[in-house]
Engineer: 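Below: one structure in structure tokens.
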There are 2 protein chains.
Amino acid sequence: MKPTIRDVAKMADVSISTVSRVMNAPESVIESKRIRVLEAIEKLQYQPNSFARGLIYKKSFTLGLLIPDIENFYYTGIIRGMQDACIKLGYSLMICNTDRDKNRLLSYIDAFHEKQVDGIVFASDIMYPEYYEKLVRCRIPFVLLSTHSYEYEIPSVEIDDEQAAYDAVKFLIDLGHEDIGMIGFNHENSISGPPRYQGFIRALEEAGLGRNGEKIRYATHRFEHAYHAAHELFTDYPELTAVFCVADEFAMGVISYLKDRNILVPGQVSVIGFDNLRMANMFIPKLTTIAQPMYDMGCRAAEKLHEWLTTGTVEVLREKMEHKLIVRESSRQR
Amino acid sequence: MKPTIRDVAKMADVSISTVSRVMNAPESVIESKRIRVLEAIEKLQYQPNSFARGLIYKKSFTLGLLIPDIENFYYTGIIRGMQDACIKLGYSLMICNTDRDKNRLLSYIDAFHEKQVDGIVFASDIMYPEYYEKLVRCRIPFVLLSTHSYEYEIPSVEIDDEQAAYDAVKFLIDLGHEDIGMIGFNHENSISGPPRYQGFIRALEEAGLGRNGEKIRYATHRFEHAYHAAHELFTDYPELTAVFCVADEFAMGVISYLKDRNILVPGQVSVIGFDNLRMANMFIPKLTTIAQPMYDMGCRAAEKLHEWLTTGTVEVLREKMEHKLIVRESSRQR
DNA sequence: CCTTTGTAAGAAAACCTTTTCAAAGCGATT
DNA sequence: AATCGCTTTGAAAAGGTTTTCTTACAAAGG
């Protein structure tokens with residue numbers, strides 16, 4: 001049987017109050033007893049029962065993280081950052097992978113509610129009203145990661161997608177490319193789809209290349225879709241010399257397609273990705289890409305949630321992190 | 001304030017016992033009252049407090065998962081499998097990423113202990129006595145995943161590493177290769193290192209190629225190390241026409257190195273990986289590899305733990321899952 | 001020497017649920 | 001009419017901790 005505070009008290013020959021005090025306010029108990037208690041704790045390997053504690057504090061000291069796809073390095077970076085921040089802040093972390101399934105997400109919120117997590121980081125794309133209402137009904141505070149909401153006042157952490165996309169495309173233009181295509185996210189079920197499209201368009205128009213604005217195909221997260229989208233794109237626009245991809249996995253799909261067609265990257269076509277996943281540096285050729293600070297974003301999201309939980313407010317509601325262009329081997333001067 | 005069972009009782013004008021019964025044994029309360037209670041529950045959005053419940057049941061209905069490296073697709077596959085199994089079995093899942101840090105792992109065990117997880121799946125390489133003793137002291141049941149222990153009697157789920165390595169090398173031999181090198185895991189801090197080495201040696205010796213038994217370099221998990229190890233390997237043995245890698249990430253590192261040296265894969269050198277990560281199918285060239293059923297292994301580990309928790313025993317102590325050779329583009333007839 | 005102040009530590013209440021035990025109601029059997 | 005057995009319900013205990021309230025005692029101040 002797990003030892004309880006009572007067992008410790010008995011062994012140290014003090015009351016349970018004293019044991020509790022040794023754990024929570026050690027200064028308030030006289031040294032001789034404190035030592036006895038500490039010894040008993042050590043000997044019994046006593047660990048306070050978190051159920052009893054939770055009952056009193058009405059807190060679980062656990063945060064929840066909702067991610068859409070754990071098989072995406074983007075989210076694993078976030079997890080590492082958030083977990084490290086949680087350790088620093090004294091929280092445990094409960095990670096749930098929704099596999100982009102709405103019902104699954106909803107049922108994870110129930111699970112979080114039942115387990116009384118103190119707060120949730122929601123890194124699962126769009127904040128649909130269904131989700132929002134459920135979270136509010138359950139009275140669970142939450143912050144958004146890599147997404148935002150203008151409809152509701154929810155703290156969020158993300159990069160400036162429009163500017164990042166602009167920077168990527170501007171880079172291609174500066175390399176001398178004039179026929180630039182894009183593999184994007186569908187706009188309906190994606191938060192970052194529209195702003196990245198906007199950035200693409202802005203860079204083109206600024207350079208007087210507006211006519212390229214339609215050389216776009218869409219894919220849904222996976223390599224295979226991007227491969228297929230690349231096929232469509234190059235079938236319709238064989239003149240392209242550069243492609244802007246809104247995800248590194250898309251860039252890999254495009255490059256694989258071009259490879260199969262015996263089109264050299266970056267010899268004939270430059271490809272730029274987005275995210276700077278760990279894989280971007282392992283692929284052949286190594287990917288030129290826009291780096292997101294995934295690890296830091298995970299940290300910030302946890303810190304922000306903590307801020308919200310402890311102070312009841314948040315310094316910056318919608319926080320932007322810095323992105324960065326990383327030039328590697330998949331792009332070349334035209 | 002969160003509504004309690006008392007609020008429901010008051011609203012429905014019954015005792016709290018009745019409310020509790022409605023939730024746990026509905027048939028035992030007469031219909032008229034049951035309906036009143038259900039209505040009150042609905043109106044108040046009542047959800048039983050899991051702390052109070054845990055206090056009584058002494059169970060958290062939560063399992064813990066310890067993994068060494070969340071930025072490795074191998075483990076993300078496992079996570080998916082285990083999470084799905086947990087949903088089916090009615091558990092929540094708490095994932096902790098140790099980053100291969102001993103102290104961190106130890107402190108996660110403390111966290112699991114404090115949170116009173118019902119059991120742990122340990123997918124973190126070697127079961128050092130330190131870990132074992134701590135887990136036993138904390139009285140937390142656990143099972144091993146992708147690792148095992150002959151020293152202790154612990155349930156485990158893994159593949160037959162020796163046979164899998166043998167199959168991989170045999171495949172290369174059957175393709176006509178006679179100069180085969182290997183990039184392995186260091187034997188000191190790895191469970192699968194030695195058996196995969198044994199499999200490599202057995203296949204070579206069986207084919208009368210025993211002299212190749214020393215054409216081996218070691219790396220520690222990461223692409224960059226494998227790249228470096230490949231450099232050493234090919235500097236010492238430029239005659240190699242095939243390389244057996246004990247991880248897909250190693251295979252990518254080797255192929256990148258060969259690419260930089262303008263050595264064609266599979267044209268001049270065949271490379272075979274291990275694991276069949278999602279990336280194996282995205283790399284250029286697509287990797288020939290030994291597939292491990294990561295998803296199923298995650299499932300099985302959770303089921304096994306559940307079996308252990310509920311029945312107090314386990315049908316097969318050390319369970320082996322099937323591996324499979326997947327032939328893609330990184331290997332070719334000599 | 002008596003009163004006040006302060007410190008250390010125990011007793012007991014509170015947190016919320018489940019479950020055991022007891023009691024009440026009621027029809028059926030002797 | 002008394003007893004029995006059954007169903008339904010409420011009261012109360014238990015689970016482990018924190019915290020408030022009290023008490024006991026020692027030191028300081030008048």
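Residue numbers begin at 1 in each chain, while the letters A, B, ... track the order of the sequences. This one's a predicted model, so the numbers in the text were calculated from it and none came from an experiment.
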Engineer: Side-chain N or O of B/N24 versus OP1/OP2 of C/dT18: is the shortest distance under 4.0 Å?
Structural biologist: yes
Engineer: Is it the case that C/dG10 (base atoms only) and A/R21 (side chain only) share a donor and an acceptor within less than 3.5 Å, ignoring hydrogens and angles?
Structural biologist: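 Checked by distance alone, the answer is yes.
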Engineer: Within this structure, what is the CD1-to-P distance between A/I30 and C/dA8, rounded to whole angstrom?
Structural biologist: 6 Å
Engineer: Is there a side-chain polar atom (N or O) of A/K33 under 4.0 Å from OP1 or OP2 of C/dA9?
Structural biologist: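 True: A/K33 side-chain N/O within range (under 4.0 Å) of C/dA9 OP1/OP2.
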Engineer: Can you name the nearest heavy-atom pair linking B/I5 to B/I16, along with the distance?
Structural biologist: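 Between these two residues, the closest heavy atoms are CD1-O, 3.7 Å.
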Engineer: Ignoring the backbone of B/I56, work out which of D/dG10, C/dT17, D/dT17 is nearest its side chain.
Structural biologist: C/dT17
Engineer: Does B/R53 make a side-chain N or O approach to OP1 or OP2 of C/dC16 shorter than 4.0 Å?
Structural biologist: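 For C/dC16, neither OP1 nor OP2 has a side-chain N or O of B/R53 closer than 4.0 Å.
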Engineer: Backbone N or O of A/K59 within a donor-acceptor pair of the A/D118 side chain at under 3.5 Å?
Structural biologist: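 No; judged by distance alone, with no hydrogens or angles, the pair does not exist.
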Engineer: Which sits closer to the 5' end of DNA chain D, A/S17 or B/I16, going by the nucleotide each is nearest to?
Structural biologist: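 First, find each residue's nearest nucleotide; the 5'-ward one identifies B/I16.
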Engineer: Round to the nearest Å and state the distance from B/Y46 atom OH to C/dT18 atom P.
Structural biologist: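 Answer to the nearest Å: 6 Å.
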Engineer: Kindly say if A/K2 contacts the phosphate of D/dG15, meaning a side-chain N or O under 4.0 Å from OP1 or OP2.
Structural biologist: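 The answer is no; no side-chain N or O of A/K2 sits under 4.0 Å from OP1 or OP2.
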Engineer: Measure centre to centre between the rings of B/F142 and B/F122, then say whether the value is under 6.0 Å.
Structural biologist: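 No.
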Engineer: How close or far is atom P of C/dC16 from atom CD of A/E114, stated in whole angstroms?
Structural biologist: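 Roughly 16 Å, once rounded to whole Å.
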Engineer: For A/S32 and for B/R6, locate the closest nucleotide of DNA chain C by heavy-atom distance; then report the residue assigned to the nucleotide nearer the 5' terminus.
Structural biologist: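 Closer to the 5' end of DNA chain C: A/S32.
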Engineer: Taking the side chain of A/A52 as heavy atoms from C-beta outward, which of C/dC15, D/dG16, D/dT19 is closest to it?
Structural biologist: D/dG16
Engineer: For DNA chain D, whose closest nucleotide is more 5', that of B/S28 or that of A/P48?
Structural biologist: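 With B/S28 and A/P48 compared, the 5'-side residue is B/S28.
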Engineer: Between atom CG in A/D7 and atom P in D/dT17, what is the gap in whole Å?
Structural biologist: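 Going from CG in A/D7 over to P in D/dT17 covers 9 Å.
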Engineer: Which part of the nucleic acid, if any, lies within reach of B/F51 when heavy atoms closer than 4.0 Å are counted: base, sugar-phosphate only, or nothing?
Structural biologist: nothing
Engineer: Does the gap between the ring centers of A/F51 and B/F51 come in under 6.0 Å?
Structural biologist: no
Engineer: I want to verify a distance call: between C/dT17, D/dT9, C/dA9, whose nearest atom is closest to the B/V29 side chain?
Structural biologist: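 So the side chain of B/V29 is nearest to D/dT9.
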Engineer: Does B/R278 qualify as a cation-pi partner of B/F73, given the criterion of NZ or CZ under 6.0 Å from the six-membered ring centre and within 45 degrees of its axis?
Structural biologist: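 Yes, cation above the ring, under 6.0 Å and within 45°.
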Engineer: Starting from C1' on C/dC16, measure out to CD1 on B/I5 and report it in whole angstrom.
Structural biologist: 8 Å
Engineer: How would you label the contact of A/S20 with the nucleic acid (heavy atoms, under 4.0 Å): base, sugar-phosphate, or nothing?
Structural biologist: base
Engineer: Which whole-number value in Å describes the distance from A/Q47 CD to D/dT17 C1'?
Structural biologist: 13 Å
Engineer: When you measure from the side-chain N and O atoms of A/T4 to the phosphate of D/dG16, is any distance below 4.0 Å, counting only OP1 and OP2?
Structural biologist: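 No, A/T4 has no side-chain N/O under 4.0 Å of OP1/OP2 on D/dG16.
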Engineer: Atom CD of B/E31 and atom C1' of D/dT9: how far apart are they, to the nearest Å?
Structural biologist: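 In whole Å, D/dT9 C1' and B/E31 CD are 17 Å from each other.
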Engineer: With a 3.5 Å cut-off and no angle check, do the side chains of B/Q292 and B/Y74 form a donor-acceptor pair?
Structural biologist: yes
Engineer: Categorize B/T18 for me: base, sugar-phosphate, or nothing, with a 4.0 angstrom heavy-atom threshold over every strand shown.
Structural biologist: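 It contacts sugar-phosphate atoms only.
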Engineer: Roughly, in whole Å, what's the span from CE in B/M23 to P in C/dT19?
Structural biologist: 13 Å
Engineer: Which nucleotide, D/dT18, C/dC16, D/dG16, lies nearest any side-chain atom of B/L55?
Structural biologist: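 Nucleotide nearest to B/L55's side chain: D/dG16.
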